2 protein chains.
Amino acid sequence: MPRKTTTRERLIGTAAELFWKQGYAQTGVNEIIQQAQATSGSFYHFFPTKEDLLLAVVDHVAEIFETEVFGPASEAAGNAVERLFAVLEHYRQRLLDSGFIFGSPMGSLAAEVSENHPLVHARLVEIQTTWTERVEELLTDARDQLPHDLDRGSLARFVVSTMEGAALQARVTHSLALFDASVAQLRDYFSLLESPERHVEPIPVQVRPRPRMQPQAADWRSW
Amino acid sequence: MPRKTTTRERLIGTAAELFWKQGYAQTGVNEIIQQAQATSGSFYHFFPTKEDLLLAVVDHVAEIFETEVFGPASEAAGNAVERLFAVLEHYRQRLLDSGFIFGSPMGSLAAEVSENHPLVHARLVEIQTTWTERVEELLTDARDQLPHDLDRGSLARFVVSTMEGAALQARVTHSLALFDASVAQLRDYFSLLESPERHVEPIPVQVRPRPRMQPQAADWRSW
DNA sequence: GTCTATACCCTGATAGAC
DNA sequence: GTCTATCAGGGTATAGAC
């Protein structure tokens, strides 16, 4: 892999950064070309339109999450819950390394782009779904540490929402305070879930079956 | 208040909607003018530049949150925790009424705009801080229902992050599934916090003082 | 305060030589 | 695959009459 960076790769990489920093619409093609040290001709050779570049950037981001956030975390030490928090730790590191521009890159792109670019929007939803499934898998691996009546799908969605919200706010405030607070609270929640009085083994006799959310969530119709 | 809508108000209102839906940069001034049934001349009479309109829109959104999300919730029935969840319920309603456009309006604007418009960015951070304080006040009102050693600032940040993340994702997926799941989990977390074995009164003798997050969060340096 | 008309620039995109 | 030169169109903003 001593191969040098190709023009195509440079274009995608710098476009990704500029899109995170300034948004898609605010970033001109010329700006990308200039900063990637390419030319107009080669740009339109690789990407017939700006939207094609956007799609490539989205895939690029998905790849980063795979290779630098979820991937490494799944090989982290400790039990499944620890691996889940390793995901957050890696996210945090990306946030820090990028000077806070890598905050909810999917979410903010989606917010800007969803209306006018259905193709891109569909891809973004797809990626987000993948993340939620990844988290749910980790929760399934951790099922023995968690209450047996836990709604893992719901908890996975919660984790992803929190992750994205915290990252977005870290980006906006240029500070990790909110991100760290959120992670700490999430850890506290997990430690309560893992506590013995809550963690009843799948034994017929159930100790004080505290009513879970679903019943009283009746008025929160889910669509 | 039978006063008719002024041109200025119409401009701000439609601009707000268009900015949420398409983003700031993707929305042309002409588009706003047309949809608000105004004209170029009157537009630039009120707003010397497009950025000035953006500032007005941001304030408008803050006002909506005040009058339709936080305000009504603070008069809701029930204890302080219930009032907190009333905030989320009102947010949910706005999300629904707007056809999911009103999802993290501050967060997504901030993401798009922060780099190039320092003034707007500052205002957005300020507003976000206000929300966090509002939530923290509610938690303070609810202090008797919560563990006495609870870090309320941290929990408030967590609630806001979750709220924003869930709203953003509701918007992206055009579904309340993630939002509702997040609220349900948050409720579960609160119910665990409120549970008797956790809720030790400020009595010298403390029952099984489970270590809270702060100690083990040492490596999560907060900036 | 509101209108019409228009200036001016930067945008994404193309053509065709090398 | 890469370059330079250039186009057509939409962008923000202005001028000046009413």
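If you're wondering where the values come from, they're calculated on a predicted model, not measured in any experiment.
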- Contact class for Ser40(A) (heavy atom, under 4.0 Å): base, sugar-phosphate, or nothing? base
- Item | is_close_aromatic(Phe190(B), Phe85(B)), centroid dist under 6.0 Å | yes
- Donor-acceptor pair, side chain of His90(A) and main chain of Ala86(A), under 3.5 angstrom: yes
- Determine, for Tyr24(B) and Lys50(B), whether the Lys NZ or Arg CZ falls below 6.0 Å from the six-membered ring centre while staying within 45 degrees of the axis. yes
- Task: Measure from CZ on Phe43(A) to C1' on dT14(C) and round the result to the nearest Å.
- Result: 13 Å
- Query: Is there a donor-acceptor pair closer than 3.5 Å between any side-chain N or O of Asp52(A) and the backbone N or O of Thr49(A)?
  - Reply: yes
- Query: Do Arg92(B) and Phe179(B) meet the cation-pi criteria used here (NZ or CZ under 6.0 Å from the six-membered ring centre, within 45° of the axis)?
  - Reply: no
- Query: Going by number, which of residues 15-37 of chain A have a non-hydrogen atom under 4.0 Å from DNA chain D?
  - Reply: none
- Message: Using C1' atoms of five pairs at each end, report the bend of the helix from dG1(C)-dC18(D) to dC18(C)-dG1(D) rounded to 10 degrees.
- Response: 0°
- Round to the nearest Å and state the distance from Lys50(A) atom NZ to dC10(C) atom C1'. 12 Å
- Partners passing side chain to side chain contact (heavy atoms under 4.5 Å, CB included) against Glu68(A) (at least two apart in sequence or in another chain): Ile64(A), Arg94(A)
- Query: First and last nucleotide of DNA chain D touching chain A, 5' to 3', heavy-atom cut-off 4.0 Å?
  - Reply: dG1(D) to dA5(D)
- Message: Go nucleotide by nucleotide along DNA chain C from the 5' end; which of Ser42(B) and Glu51(A) gets its closest nucleotide reached first?
- Response: Ser42(B)
- Donor-acceptor under 3.5 Å (Arg10(B) side chain, Ala36(B) main chain): yes
- Partners meeting side chain to side chain donor-acceptor pair (under 3.5 Å) with Glu31(B) (sequence neighbours left out): Gln22(B)
- Message: Restricting to non-hydrogen atoms, name the atom on Ser40(A) and the atom on Ile33(A) that form the minimum distance, rounded to 0.1 Å.
- Response: CA-CD1, 3.5 Å
- Note on the structure: To the nearest angstrom, the NE2-P distance between His45(A) and dT14(C) comes to 15 Å
- Report which part of the nucleic acid Thr49(B) touches: base, sugar-phosphate, or nothing (heavy-atom distance under 4.0 Å, all strands). sugar-phosphate
- Query: What is the ring orientation for Phe100(A) with His174(A), classed by angle as parallel under 30°, tilted 30 to 60°, or perpendicular over 60°?
  - Reply: tilted
- Message: Under the rule for ring-ring contact (aromatic ring centres under 6.0 Å, His included), what residues qualify as partners of Phe102(B), not counting sequence neighbours?
- Response: Trp20(B), Phe65(B)
